[in-house]
Amino acid sequence: MITLPDGSRRGFPGPVTGADVAAAIGPGLAKAAIAIKLDGRPRDLASLIDHDAAVAIITREMPEGLQILRHDAAHVMAEAVKELYPETQVTFGPATETGFYYDFARAESFTPDDLAKIEERMRDIVKRDEAITREVWDRGQAVAFFQGIGERYKAEYIGEIPPDEELSVYRQGDFVDLCTGPHLPSTGRLGQAFKLMTVAGAYWRGDPRNAQLQRVYGTAWPSQKELDQYLFQLEEAERRDHRRLGRELDLFHLGEEAVGSVFWHPKGWTIYRTIEAYMRRRLDQAGYQEVKGPLLLDRSLWEATGHWENFRENMFIAESRDERVLAVKPMNCPGHVLIFKNRLRSYRELPLRLAEFGSCHRNEPSGALHGIMRVRGFTQDDAHIFCTQDQVTGEAIEFCKLLLSIYRDFGFDDVAVKFSTRPEQRMGSDVYWNLAEADLEAAVKAAGLPYTLNPGEGAFYGPKLEFVLRDALGRDWQCGTLQLDFQMPERLGATYVGEDGARHAPIMLHRAILGSMERFIGILIEHYAGHFPLWLAPQQIIIASITEEAAGYGEEVARELRAQGLRAAADAGNEKIGYKVREHSLAKVPVILAVGRREAAQRMVSVRRLGSTAQESLALADAVARLIIEASPPG
RNA sequence: GCUGCCGUAGCUCAGUGGUAGAGCACUCCCUUGGUAAGGGAGAGGUCGGUGGUUCAAUCCCACCCGGCAGCACCA
């Protein structure tokens with residue numbers, strides 16, 4: 001008896017295959033079927049069902065089906081590589097979110113020409129429509145076989161598979177691969193909607209101490225249409241790339257003179273200051289107190305916090321004329337703790353929320369740098385909340401509310417939460433960790449936010465929540481964080497006097513909303529594709545005069561708007577209005593006010609919005625009043 | 001940091017073992033034009049850096065610096 005996803009049941013006289021079940025339901029499904037889900041687990045279409053079970057047919061359009069498709073694309077690629085370059089060893093080749101990759105071991109590196117050849121051979125293999133069959137081998141046989149054909153990585157890996165686990169091997173044509181599956185019934189079912197993208201290095205088993213393999217990436221989709229759509233999306237992402245827009249819109253630059261640090265240009269810095277002012281306002285309202293700590297702090301402090309031990313390699317060290325060794329601060333928390341413990345604190349002062357736009361420097365590995373998203377010098381919208389254990393939940397809930405509200409103001413409604421627990425390399429006893437993890441989990445539950453578990457990814461001093469927002473292209477970015485720290489205040493000897501007259505170490509919440517200003521602005525640039533909402537646009541309004549006769553009036557309009565706090569400038573240049581409209585539209589100025597002889601005579605402006613060709617004639621006073629309202633920041 | 005690829009004008013890119021070119025941008029002149037490029041002229045480069053091979057190197061080789069993609073890393 002077989003139960004289908006809609007709850008209906010079908011009886012079969014004896015054992016059947018997944019293909020039989022699909023055929024029994026209908027010929028259309030039989031044709032579309034590529035695999036089955038047997039009691040919730042994906043299996044080959046050819047797998048035998050010999051007991052009462054819940055069965056669902058998987059088609060290529062379903063998420064599970066797409067994953068199988070991509071996994072198969074990896075196998076077809078491996079087969080193609082083995083045919084073209086038999087000396088190559090295969091290792092792992094899984095599906096990814098947009099396609100697949102396979103890691104190969106080969107002395108020579110693959111060139112772009114090689115990729116084209118491999119892709120061509122893959123298309124052949126699909127045309128050959130080779131049957132893909134599953135076999136179960138015993139360990140000795142498998143190790144001997146893979147050793148015999150020179151596949152040392154595969155042979156090594158077999159030794160690590162738990163002995164009670166079935167060892168399955170898939171055969172397609174002459175290619176035999178160790179794999180748990182499931183797979184398509186034949187290579188022809190893959191279709192031709194795939195494309196090889198790039199080749200890059202990747203460590204065997206993800207460990208930098210191991211050999212580096214060559215990872216060939218590809219993308220694969222159920223149909224050509226979806227492949228084309230994906231490729232278009234990649235182009236769109238490139239058009240929005242913050243490094244490109246940063247240059248085109250003259251926001252910032254990066255240079256060899258300060259690798260990994262941002263040179264903010266006037267327009268970029270205007271965005272920065274606008275965001276900073278907005279955040280400052282929101283934090284003031286939420287009961288934070290802003291502070292500013294020193295950039296250079298003595299080595300002994302970093303030894304006390306544990307950073308010297310854990311992160312010295314990534315800290316910039318500055319030596320002074322005396323014997324002291326100073327480190328450029330990689331984070332702001334020790335400074336805030338020092339401010340906290342500078343005098344005797346009472347429980348009445350808690351929760352004490354110290355905020356700082358903290359300039360930090362971390363000597364990130366060169367390969368990690370990426371535009372202004374991952375830099376060596378950056379500014380965190382950091383704050384530390386010193387509180388009692390009773391206050392943790394309430395503070396966490398308030399923080400989550402504030403964070404979501406701020407994200408909404410920047411146009412991000414989709415926020416995911418990850419809960420990261422104790423990492424392997426950590427500070428402090430498990431007693432602390434048990435307490436901290438329990439408290440933080442209780443807090444996120446109380447805040448009513450759904451979250452996913454991220455085991456082992458916490459900070460070395462405490463567990464953390466990470467807030468991931470999704471941008472206009474559906475990409476995820478981790479920005480906000482909330483970390484619970486039972487250790488640092490105690491390590492640095494920060495205490496407060498409790499109601500009982502005794503001294504207690506406060507609990508410290510580390511938190512950031514934007515994460516880093518640099519990174520967040522990078523995300524915003526890409527999210528808005530450079531087309532910022534009026535309140536954020538560095539140049540909000542251009543007054544383009546049509547003739548020299550109207551230039552004086554244009555300047556007057558610009559002065560009036562600036563007097564009202566708007567970022568307006570007059571363009572009295574010697575160009576036609578069409579040229580000016582094009583120039584400022586490309587510069588993504590949200591509002592262009594055209595003024596000619598008519599407007600000057602009647603004290604009007606002709607309003608043109610970015611993204612529209614419509615023109616609206618307004619009295620100057622009305623236009624100013626309207627723009628003031630539109631340009632006012634949220635919150 | 002590792003693997004691979006790349007580095008020519010502000011930008012996008014041609015090009016060659018015999019000391020360099022286009023378009024856009026820039027400057028000036030003409031043009032005063034009504035909503036995405038009006039016309040003309042000019043200026044601009046130690047061909048990423050340092051060594052080497054060569055009669056001769058932007059081109060070939062080595063090292064270094066920087067960038068890109070991925071991996072690893074992200075307190």
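Keep in mind the model is a prediction, meaning the values are calculated, not measured. Protein chains get the first letters and strands the later ones, always in sequence-line order, with residue 1 at the start of each.
- Under the Watson-Crick or G-U wobble criterion, with both distances below 3.5 Å, C60(B) is paired with G52(B).
- Using a cut-off of 4.0 Å between Lys/Arg side-chain N and Asp/Glu carboxylate O, Arg121(A) and Glu119(A) are scored as not salt-bridged.
- Taking only side-chain atoms of Glu256(A), from C-beta outward, the nucleotide of G66(B), U35(B), C74(B) with the closest atom is G66(B).
- Both the sub-6.0 Å distance and the 45° axial angle are satisfied by Arg239(A) relative to the ring of Phe232(A).
- Rounded to a whole angstrom, the distance from the P atom of G34(B) to that of G49(B) is 49 Å.
- In terms of polar N and O atoms assigned as donor or acceptor, the side chain of Arg374(A) comes within less than 3.5 Å of the base of C74(B) in a complementary pairing.
- Side-chain to base pairing of Ser606(A) with U35(B): one donor and one acceptor N or O lie within less than 3.5 Å of each other.
- When both pairing distances are held under 3.5 Å, G42(B) makes a Watson-Crick or G-U pair with C26(B).
- U12(B) and A25(B): their C1' atoms are spaced 11 Å apart (whole Å).
- Applying the 3.5 Å distance criterion, the base of G70(B) shares no donor-acceptor pair with the side chain of Tyr203(A).
- Judged by Watson-Crick or G-U wobble contacts below 3.5 Å, the nucleotide A72(B) has no partner.
- U35(B) and G40(B) are spaced 23 Å apart, taking the P atom of each and rounding to whole Å.
- Here His584(A) does not reach the OP1 or OP2 of U35(B): none of its side-chain N or O atoms lies under 4.0 Å away.
- Taking 4.0 angstrom as the limit, Arg244(A) places none of its side-chain polar atoms (N or O) nearer than this to OP1 or OP2 of C68(B).
- Each of Thr547(A) and Asn363(A) was assigned the nucleotide of RNA chain B with the nearest heavy atom; the assignment lying further toward the 5' end belongs to Thr547(A).
- A37(B) is unpaired under the Watson-Crick or G-U wobble criterion, no partner having all donor-acceptor distances under 3.5 Å.
- For the P atoms, the distance linking G66(B) with C55(B) amounts to 35 Å, nearest Å.
- Donor-acceptor pairing under 3.5 Å, judged by distance alone, is absent between the side chain of Arg205(A) and the base of A72(B).
- Between C61(B) and U53(B), the distance separating the two P atoms is 16 Å to the nearest Å.
- The nucleotide C13(B) finds its pairing partner in G21(B), both defining distances of the Watson-Crick or G-U wobble pair being shorter than 3.5 Å.
- Checked by distance alone, Gln212(A) brings a side-chain donor or acceptor within 3.5 Å of a matching partner on the base of C2(B).
- With distances taken from any side-chain atom of Ile546(A) to the nucleotides G34(B), A69(B), G38(B), the minimum falls on G34(B).
- For the C1' atoms, the distance linking G42(B) with U3(B) amounts to 48 Å, nearest Å.
- The P atoms of G15(B) and A72(B) are separated by 37 Å, rounded to the nearest whole Å.
- Base pairing annotation: C5(B) forms a Watson-Crick or G-U wobble pair with G67(B), both donor-acceptor distances under 3.5 Å.
- A gap of 27 Å separates the P atoms of G1(B) and G10(B), to the nearest Å.
- Considering only the side chain of Pro365(A), C73(B) comes nearest among G66(B), A75(B), C73(B).
- You won't find any donor-acceptor pair under 3.5 Å spanning the side chain of Glu548(A) and the base of G33(B), going by distance alone.
- Arg362(A) has its CZ atom 19 Å from the P atom of G1(B), to the nearest Å.
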